[in-house]
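See below for the structure under consideration.
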Amino acid sequence: MQKMIQETLSQFQTHYGYPAELVIQAPGRVNLIGEHTDYNDGFVLPCAINYSTFIASKKRTDHQVNIIAVDFDGKDNFDLGKPINKSEQGWANYVRGVFKYVQELHSDFTGIDLIIHGNVPLGAGLSSSAALEVSIATTIKTLYHLPIDPKTLAKICQKAENKFVGMNCGIMDQFISTLGEKDHALLIDCRNLETQSISMPTNLSVVIINSNVKHGLVDSEYNLRRQQCEEAAQILNVPKLRDATIELLEQHKTKMSNVVYRRAKHIITENTRTLEAAKALSENNITKLGELMQAGHLSMKDDFEITAPAVDALVDIVKSVLGNKGGVRMTGGGFGGCVVALAPHDMIEPIRKVVEKEYYAQTGLRESFYICHAMNGAGKVSV
Ligand code: ADP
Ligand code: MG
């Protein structure tokens, strides 16, 4: 971390010729359980991780915003006095979108010079996009002392991603990047956005393994799952699947296709599992937690059908080492991406060794390994 901060500061000095006045960090995240439940008004249980986006900045007296993205070797600038439009550069739109929607609520700030530098792996499903949005919003808020509460800040960032970038994500990523707490996961009720901090056992690491499986149809499959969940809610005559029980689903089983039935079954059981996992985690009941994560994975595999053969293999390999000493499942939207494991610190190396050997042997793919712990959400970095 310290190295990243120093690099960000020295890049600022080099590019602008004067020192930065502030460094902000915002973390990536991993979801421990609660997959595809967010848009069904259900529950998710993510934690922020020790991979972050860092932003060094300084206020300007004019209305110019200057941005340098070190990791993209990219530059962008725009004028806050004019309408903020889309850029040709993909990365710049996350930044422009956040400026646009902060400005909609608070127009009383002037220009900023910025340097962006992060170590959240890009496009791996650990939400480098939310880390970028939240670090930008927190920078503007902090430099200009804007009265933006954390939930509003997360919503501004989500709006930037939905409306400006055009990615239809839920609120979870921006929320946890803003509100994460060291050594805690956050149980989020996606209906009313109420949150509960859940302490994590200190003997467990959060191990994230990227399967490096790439799937071309993620967006269309995601939209299809959303439609199927809506269809199920309609047949069950509930506003969202959050409001349905497994008994209600069974009563209506014959009124829906088998596919829609299984989609609904995943969401309804996943909500229950997420609440039970939060309880198991806070009570240090690791066996139970492991069972819930395993059941969650199988539900994604068989009922929601969003895993991939290589991801299933990776989960099985980790599970074969971990036994009932922790839990492992696919995390994120699906069709590839990462696996998350909660594992005792002394099992990390054995897991790494077996995965290194077996995953390639079984799938021909090479994994990427990230050892994490639950971290604080966005904030000022002392330099
Ligand atoms: P994920 O959020 O899973 O990492 P996304 O595709 O949602 O993947 O977001 C990745 C995109 O976010 C990058 O391609 C880039 O446009 C932007 N981004 C993330 N981190 C940075 C960064 N450090 N600097 C510039 N752009 C970034
Ligand atoms: Mg993203």
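One-based numbering, in listed order, for ligands and for the atoms of each.
Distance from atom 14 (O) of ligand 1 to its nearest protein heavy atom, with residue and atom name: Phe72 CZ, 3.9 Å. Atom 18 (N) of ligand 1 has its closest protein heavy atom at Leu132 CD2, 3.6 Å. When hydrogens are left out, the protein atom nearest atom 17 (C) of ligand 1 is Tyr94 CE1, 3.7 Å; that is the closest non-hydrogen contact. Looking at atom 2 (O) of ligand 1, its nearest protein heavy atom turns out to be Ser129 OG, 3.0 Å.
Atoms of ligand 1 found under 4.0 Å from any heavy atom of Pro121 (numbered from 1 in listed order, with element): 4 (O). Below 4.0 Å from some heavy atom of Ser128 lie the following atoms of ligand 1, by number and element: 1 (P), 2 (O), 4 (O), 9 (O), 10 (C), 19 (C), 20 (N). Those atoms of ligand 1 with a heavy atom of Ser127 less than 4.0 angstrom away are 1 (P), 2 (O), 3 (O), 4 (O). Listed by number with element, the atoms of ligand 1 under 4.0 Å from a non-hydrogen atom of Trp91 are 15 (C), 16 (O), 25 (C), 26 (N). Near Gly125, meaning under 4.0 Å from one of its heavy atoms, ligand 1 places the atoms 3 (O). Ligand-side atoms of ligand 1 in range of Gly123: 1 (P), 3 (O), 4 (O), 8 (O), range being under 4.0 angstrom from any heavy atom. Counting atoms of ligand 1 from 1 in the listed order, those under 4.0 Å from a heavy atom of Ile116 are 23 (N), 24 (N).
For Phe12, the ring-ring contact (aromatic ring centres under 6.0 Å, His included) criterion is met by Tyr16, not counting sequence neighbours.
Some N or O of Asp71 is nearer than 3.5 Å to an N or O of ligand 1, by distance alone. Inclusion of Leu122 in the set of residues having an N or O under 3.5 Å from an N or O of ligand 1 is not warranted.
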| message | Please evaluate residues Glu270 and Thr37 with respect to the criterion side-chain hydrogen bond (donor to acceptor under 3.5 Å, both in side chains), reporting the C-alpha separation (whole Å), side-chain torsions for both, the decisive distance (0.1 Å), and the verdict. | response | CA-CA 7 Å; Glu270 184 80 347; Thr37 44; 5.9 Å; no
| message | Applying side-chain hydrogen bond (donor to acceptor under 3.5 Å, both in side chains) to Gln228 and Tyr261, what does each step give before you reach the verdict? | response | CA-CA 9 Å; Gln228 290 164 334; Tyr261 165 78; over 6 Å; no
| query | Taking it one step at a time, do Tyr222 and Tyr39 satisfy ring pair (Phe, Tyr, Trp, His ring centres under 6.0 Å)? | reply | CA-CA 11 Å; Tyr222 177 85; Tyr39 56 81; 5.6 Å; yes
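Remark: the Thr202 side chain and the Asp183 side chain contain no N/O donor-acceptor pair separated by less than 3.5 Å. Side-chain atoms of Tyr144 and Thr110 form a donor-acceptor pair, as typed in the model, at a separation below 3.5 Å.
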List the atom pairs, with distances to 0.1 Å, where a side-chain N or O of residues 372-383 and a protein N or O form a donor-acceptor pair under 3.5 Å, not counting sequence neighbours.
residue: Asn376; atom: OD1; partner: Lys182; partner atom: N; Å: 2.9

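At least one N/O/S atom of Ser129, from backbone or side chain, sits under 2.8 Å from the Mg ion (ligand 2).
Using cut-offs of 30° and 60° for the angle between ring planes, the Phe304 and His266 rings count as tilted.
Using a cut-off of 4.0 Å between Lys/Arg side-chain N and Asp/Glu carboxylate O, Arg263 and Glu231 are scored as not salt-bridged.
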